[in-house]
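Please read the structure below before turning to the comments.
Sequence lines set the chain letters: A, B, ... in the order given, protein chains first and strands last, and positions in each chain run from 1. Side-chain atoms are counted along with the backbone in the values below, which use heavy atoms only and exclude waters and symmetry mates. The structure presented is a predicted model; accordingly, all values stated were derived computationally and were not measured.
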Amino acid sequence: MDFKQIEKKWQDKWFNEKLFKAVDFHPTKPKYYVLYEFYNISGNLHMGHLKGTVPADALARYKRFKGYNVLFPIGGDAFGLPAENAAIKTGINPHDFVANGLKTVIAQSQKIGLSFDWDRTICTSDPEYYKWTQWIFLQLFNHGKAYKETAKVNFCPKCQTVLSNEDSQGGKCDRCGSDVVQEERQSWFLKMREYGDKLLQNVDRIQMAENLKEAQRNWIGRSEGTEITFDIFDEKGNKVEKLDIYTTCVETVYGITFVALAPELKLLDKLKNSIKNWTEVEKYRKMTALRSEFDRMSDQKNKTGCKLEGLYVINPANGRKVDMYIADFVLAGYATGAVMAVPSHDQRDYEFAQKFNIPFIQVIEGDTSSQAVEKGEYLPKNSKLINSAEFSGMTVKDAKVKIAQKLIDMGVARKKVNYKMTDWAFNRQRYWGEPFPIVICPHCGEVAISEKDLPLLLPEVKDYMPNKNGDSPLSKAKDWVNCKCPKCGRDAKRETDTMPNWAGSSWYWLRYVDPHNSEKLADFEKLKYWGSVDCYTGGTEHITRHVLYAFFWQNFLYEIGAVPTRDPFVRKMGSGLVLDDEGKKMSKSSKNGVSPLEVIDKYGADVTRMHLHFLGGYEDNTPWTYDGIKGITSFVDKVWSLQDMIKGEKISDEHRFELASLNKKAGENYENLKLNTAISAMMIFVKKIKEDGFITKEELRQFLIFLNPLAPHMTSEMFERVFGEQITDQSWPDYNEKDLVKNEVEIAVQVNSKIVTRIVIPSDADNQKVLEIVKANDKIQLALKDKTIVKEIVVPGRIVNIIVK
RNA sequence: GCUGGUGUGGCGGAAUGGCAGACGCACAGGACUUAAAAUCCUGAGAGGGCAACUUCGUGUGGGUUCAAGUCCCACCACCAGCACCA
């Protein structure tokens with residue numbers, strides 16, 4: 001078989017004849033939307049792309065046979081690092097880089113045999129596309145979901161840009177891996193935290209592996225607790241300020257021996273005059289500001305802090321005076337940035353109190369001599385309270401409710417929900433991104449430009465680097481920056497930061513539905529027709545980032561009536577990694593990387609597709625190896641030889657069973673993206689045919705359809721040769737339920753749960769009959785001799801177990 | 001530390017509570033060949049036995065069940081996510 005010639009022939013045909021075009025509003029066929037994460041335009045496709053695209057392609061091809069109108073699109077995620085780096089390093093225009101990159105991945109996708117609808121290809125850096133990214137930002141802004149504020153944000157010193165929490169996971173810059181620092185900067189934020197509960201509902205509804213769901217819930221980090229207001233007093237006993245503190249352990253409120261504030265807290269400046277050791281406080285604040293997030297995290301055991309001399313708060317529960325500290329273990333960004341510290345029942349507070357000689361008050365039973373008795377320990381035991389006035393003796397469960405109620409009744413507390421997830425820091429000081437459709441006017445502040453002025457084009461520049469002050473490269477494009485305020489008409493400047501590269505990917509599946517619409521982001525009726533993505537494949541590294549952003553934007557767009565569905569995706573499959581021979585992720589940057597195109601060139605696309613997926617399950621990591629590729633090559637050769645074995649018209653009962661089994665198995669496997677077992681089922685069938693030495697035309701016809709989603713090229717060619725028709729015009733064959741049952745089955749027979757023998761019985765025999773046959777068997781008779789039968793268990797078609805005494 | 005997931009031959013990996021190890025690789029023996037490659041056939045979890053056969057076997061230890069890789073409890077290891085989140 002000349003796979004090179006055959007693959008080229010079919011790839012050209014599929015592309016030129018637009019054979020996989022999805023039809024809007026198909027009159028008869030139901031829709032099915034398969035999505036693979038669009039390509040990050042950076043260079044060549046790598047093995048990871050095959051891991052994710054091929055199962056999606058197989059599903060798309062399978063669903064077409066099943067009579068669905070399948071939408072299976074692709075595009076380019078083009079803004080961001082790769083194009084920009086190429087521009088900085090080699091001076092190539094990022095537009096050209098992207099245009100070439102897109103051409104490359106399209107050509108390479110064809111070489112893999114992916115059945116995309118090429119007429120819907122989009123690219124996020126195309127003005128026709130980013131017009132709508134900007135439009136969505138305008139809606140967010142106009143609905144009060146986008147705001148600009150000076151706040152501590154993650155900042156990468158090397159990339160010179162602000163990063164979101166999602167882009168600084170583990171304290172490292174997602175772009176370059178450098179340690180991220182916290183800097184006070186004017187930044188754009190999207191109110192993602194407000195959507196915390198809605199995102200959690202998205203997580204509940206989506207079909208996805210449990211570990212991925214948990215990762216998302218963790219990231220959102222919802223907790224329920226109580227917010228308590230403490231009055232702050234100065235040395236003379238004058239009430240000077242109020243301090244809100246959030247706790248999930250209100251039951252420990254009688255154990256408070258100090259409160260701790262984040263050093264960054266602005267409240268401190270207001271208290272300056274009452275703090276007697278202000279110089280020391282300022283020194284500590286400066287020190288923490290210099291410590292990177294990474295330092296603070298890796299130095300957890302060594303607690304640092306500084307007492308606020310001259311101030312105290314009153315614990316509203318018991319009127320006790322409590323000292324105040326600032327400490328860098330308290331995070332400014334979470335809840336109110338202050339904690340009520342209970343050293344006996346919180347390990348952090350315990351360590352801090354020990355270091356600063358702060359007293360302990362134990363309020364829940366347990367041994368606190370060497371470490372804190374925390375909620376993880378006392379909650380399951382439902383221990384009792386001590387030293388807690390009228391609540392002493394109560395169980396934690398009761399006290400939690402009663403103490404909260406008391407404080408609420410006193411007017412000093414309220415129930416509160418908090419999230420770890422923060423608002424999305426949405427601006428970057430980089431060139432290659434969507435410009436904000438915002439004008440900064442000295443009189444009116446941030447003003448949105450008119451929708452009709454979209455897209456706001458990204459200007460051409462010569463220098464792609466931010467300047468030393470950390471201003472975006474766009475600030476150098478003076479002609480572009482200087483403009484008139486849309487509101488008052490006076491001189492103003494454009495926002496010179498750009499959007500993060502996640503902006504364009506936060507809604508792209510909606511654009512595929514109507515990619516050329518110049519009036520709307522997509523026609524509402526088309527959005528309604530295609531609905532949510534039925535199956536979305538791609539990498540698990542996007543679970544706590546892109547997928548959450550996607551939930552967020554789709555919720556917002558739904559609420560403003562721009563889209564008809566709240567859920568972007570019905571099912572999300574997280575692709576495993578392809579590992580190199582050191583067990584590390586194989587990516588284009590890895591040294592031991594194997595290029596899929598190299599493998600395709602040597603073995604053909606059909607073999608490459610099947611080999612990679614025969615190595616392991618879709619959601620599992622796959623260690624890449626050439627070992628075993630021979631098995632697939634020889635399978636492909638055997639399949640090819642089937643066309644010389646056609647004989648007869650009538651399908652034997654035995655073959656009918658094999659065919660029906662394969663039909664069922666293949667269908668289920670494609671549906672569940674389990675290509676490894678699908679391939680194994682194909683092999684079993686072919687083995688049987690080779691053993692028997694013949695195949696009827698009808699069997700071959702069906703088999704080629706079954707195999708087509710895995711090996712589209714060779715099956716297309718064989719189908720044309722043998723039947724003179726196009727396989728893409730065929731439908732998935734039906735099978736009869738009764739064909740799944742063999743006339744005779746071999747069952748195992750056990751006596752006292754041990755296998756004694758195996759016998760063949762007619763499969764339609766009822767339990768009574770089965771036992772008769774079994775008991776007539778010599779070996780069984782021997783085993784039953786002189787024994788009393790206590791129990792007889794018959795599992796039809798599988799096993800008989802006779803229990804004797 | 002918390003959360004979730006996973007532990008099966010030499011290897012990749014199969015098994016709706018019902019015959020563990022499907023399918024494939026590597027391996028061994030054989031056929032074809034001057035020879036090799038390719039192809040085809042056969043074998044194989046481990047231990048014992050010439051053999052029929054037999055004992056042990058799905059990370060470890062318990063349990064439920066006629067029956068457990070699968071369910072329950074405890075532990076160990078690995079992977080992933082989060083990580084001073086109050």
Side-chain angles (χ1 to χ4, degrees), chain A residues 169-171 209-223 225-227 245-250 252 259-260 262 296-297 299-303 327-331 333-342 345-349 351-352 374-376 418-422 540-541 543-544 574 576-577 583 610-611 614-617 619-635 637-638 674 676-684 687 690 746-755 757-758 790-804:
Chain A
Q169 303 195 12
E210 195 53 37
N211 59 339
L212 303 181
K213 286 190 171 208
E214 273 307 304
Q216 292 189 329
R217 292 192 186 110
N218 243 319
W219 186 260
I220 297 167
R222 184 183 198 274
S223 77
T226 312
E227 194 174 83
I245 290 180
Y246 173 75
T247 179
T248 54
C249 305
V250 73
T252 62
V259 297
R296 281 166 74 163
M297 277 191 332
D299 197 19
Q300 287 181 20
K301 285 285 157 225
N302 185 22
K303 295 281 181 291
D328 73 357
F329 78 80
V330 186
L331 307 173
Y334 184 71
T336 64
V339 297
M340 53 169 239
V342 183
H345 302 292
D346 184 294
Q347 192 56 30
R348 286 170 336 201
D349 302 349
E351 284 157 17
F352 192 88
E374 294 194 302
K375 63 178 164 187
N418 261 308
Y419 304 90
K420 287 194 216 173
M421 183 176 71
T422 60
T540 53
E541 71 273 22
I543 288 297
T544 54
L577 302 173
M610 285 195 280
H611 176 59
F614 193 53
L615 287 174
E619 299 203 278
D620 302 324
N621 291 342
T622 301
W624 169 263
T625 170
Y626 281 101
D627 290 351
I629 198 164
K630 203 183 116 185
I632 300 292
T633 311
S634 107
F635 168 67
D637 289 342
K638 281 177 197 159
K674 293 182 75 166
N676 54 341
T677 47
I679 295 164
S680 138
M682 302 292 163
M683 287 173 165
I684 292 168
K687 203 170 168 179
K690 294 287 277 188
E746 190 190 65
I747 60 164
V749 186
Q750 300 177 321
V751 174
N752 284 348
S753 306
K754 281 199 168 180
I755 292 168
T757 189
R758 293 175 176 83
V790 182
K791 200 173 177 183
E792 292 161 334
I793 296 137
V794 182
V795 183
R798 292 193 186 268
I799 210 160
V800 171
N801 192 0
I802 301 171
I803 310 303
V804 296

Check: Which residue lies toward the 5' end of RNA chain B, A/Gly797 or A/Lys754, if each is placed at its nearest nucleotide?
Finding: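 Closest to the 5' end, via its nearest nucleotide, is A/Gly797.
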
Note to self: Here's a test of your reading of the structure: between A/Glu214 and A/Gly333, which maps to the more 5' nucleotide of RNA chain B?
What the structure shows: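 It is A/Glu214 whose nearest nucleotide is closer to the 5' end.
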
When rounded to the nearest 0.5 angstrom, what distance separates [atom1] in [X] from [atom2] in [Y]?
X	Y	atom1	atom2	answer
A/Glu541	A/Gln169	CD	CD	10.5 Å
A/Glu619	A/Leu577	CD	CG	12.0 Å
A/Met683	A/Thr677	CE	OG1	12.0 Å
A/Glu746	A/Arg798	CD	CZ	13.5 Å
A/His611	A/Asp627	NE2	CG	7.5 Å

Whole angstrom value for the distance that separates [atom2] of [N] from [atom1] of [X]:
X	N	atom1	atom2	value
A/Ile799	B/U16	CD1	P	15 Å
A/Leu212	B/A80	CG	P	14 Å
A/Ile629	B/A26	CD1	P	12 Å
A/Gln169	B/G81	CD	P	9 Å
A/Asp349	B/G1	CG	P	19 Å
A/Gln216	B/G4	CD	C1'	13 Å
A/Trp219	B/C85	CH2	P	15 Å
A/Arg217	B/C2	CZ	C1'	16 Å

Residue pair [X] / [Y], side-chain heavy-atom distance below 4.5 Å:
X	Y	answer
A/Asp346	A/Glu374	yes
A/Ile679	A/Ile632	yes
A/Met340	A/Thr252	yes
A/Ile747	A/Ile799	no
A/Glu792	A/Val800	no
A/Ile543	A/Trp219	no

Notebook entry, point to check: With sequence neighbours excluded, what pairs up with A/Lys420 under the salt bridge (charged side-chain N to carboxylate O under 4.0 Å, His left out) test?
Noted result: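 Residues passing salt bridge (charged side-chain N to carboxylate O under 4.0 Å, His left out) with A/Lys420: none at all.
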
Checklist line | Test salt bridge (charged side-chain N to carboxylate O under 4.0 Å, His left out) applied to A/Glu351 - qualifying residues, sequence neighbours left out | finding: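 If we apply the salt bridge (charged side-chain N to carboxylate O under 4.0 Å, His left out) test to A/Glu351, skipping adjacent residues, the hits are A/Lys301, A/Lys303.
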
Checking contacts here: which listed nucleotide ([options]) is nearest the side-chain heavy atoms of [X]?
X	options	value
A/Asn218	B/U3, B/G5, B/G18	B/U3
A/Lys687	B/C84, B/C23, B/C85	B/C23
A/Asp328	B/A20, B/C84, B/U3	B/C84
A/Ile684	B/C23, B/C85, B/G81	B/C23

Using a cutoff of under 3.5 Å, can you pull out all pairs of nitrogen or oxygen atoms linking the protein to nucleotides 64-68 of chain B, with atom names and distances?
residue : atom : partner  : partner atom : Å
B/C66   : O2'  : A/Ser753 : OG           : 2.3
B/C66   : O2'  : A/Asn801 : ND2          : 3.4
B/C66   : O2   : A/Asn801 : ND2          : 2.7

Can you tell me, in whole Å, how much space there is between the [atom1] of [N] and that of [M]?
N	M	atom1	result
B/G43	B/U34	C1'	28 Å
B/A20	B/A68	C1'	11 Å
B/A37	B/C53	P	37 Å
B/C11	B/G17	P	27 Å
B/U8	B/A15	C1'	10 Å
B/C56	B/G21	C1'	16 Å
B/C76	B/G24	P	40 Å
B/U16	B/A67	C1'	16 Å

Item checked: Salt bridge flag under 4.0 Å for residues A/Glu214 and A/Arg217 ->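 Salt bridge flag = yes for A/Arg217 with A/Glu214.
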
Next item on the list: Both distances under 3.5 Å, Watson-Crick or G-U wobble: on that basis, could you give the dot-bracket string for RNA chain B, with [ ] for crossing pairs and | for other-strand partners?
Entry: (((((((..(((.....[....))).(((((.......))))).((((....))))..(((((..]....))))))))))))....

Check: Syn or anti: how is B/G45 classified when any glycosidic angle within 90° of 0 counts as syn?
Finding: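 Because its glycosidic torsion lies more than 90° from 0, B/G45 adopts the anti conformation.
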
Check: Hey, does A/Arg758 reach any base, or is it just sugar-phosphate, or nothing, if we go heavy atoms under 4.0 Å?
Finding: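 Base, at least one base heavy atom under 4.0 Å.
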
Note to self: Is it the case that B/C82 (base atoms only) and A/Lys420 (side chain only) share a donor and an acceptor within less than 3.5 Å, ignoring hydrogens and angles?
What the structure shows: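 Between B/C82 and A/Lys420, which were checked side chain against base, a qualifying N/O pair under 3.5 Å is absent.
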
N/O contacts under 3.5 Å, protein versus nucleotides 38-41 of chain B?
none

Notebook entry, point to check: Does a donor on one side chain sit under 3.5 Å from an acceptor on the other, for A/Glu227 and A/Thr336?
Noted result: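 Distance-only check fails for A/Glu227 and A/Thr336.
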
Next item on the list: Return the minimal non-hydrogen interatomic distance between A/Ser223 and A/Thr248, and the atom names on each side.
Entry: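 Of all heavy-atom pairs spanning A/Ser223 and A/Thr248, the closest is OG-CG2, 3.9 Å.
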
Notebook entry, point to check: Within less than 4.0 Å of OP1 or OP2 of B/A86, is there a side-chain N or O belonging to A/Tyr246?
Noted result: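 Answer is no, no contact under 4.0 Å.
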
Item checked: side-chain N/O A/Arg348 vs B/C85 OP1/OP2, d < 4.0 Å ->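 Looking at the OP1 and OP2 atoms of B/C85, one of them is under 4.0 Å from a side-chain N or O of A/Arg348.
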
N/O contacts under 3.5 Å, protein versus nucleotides 12-15 of chain B?
residue : atom : partner  : partner atom : Å
B/G12   : O2'  : A/Leu615 : O            : 2.3
B/G13   : O5'  : A/Leu615 : O            : 3.4
B/A14   : OP1  : A/Asn676 : ND2          : 3.2
B/A15   : OP1  : A/Lys674 : NZ           : 3.1

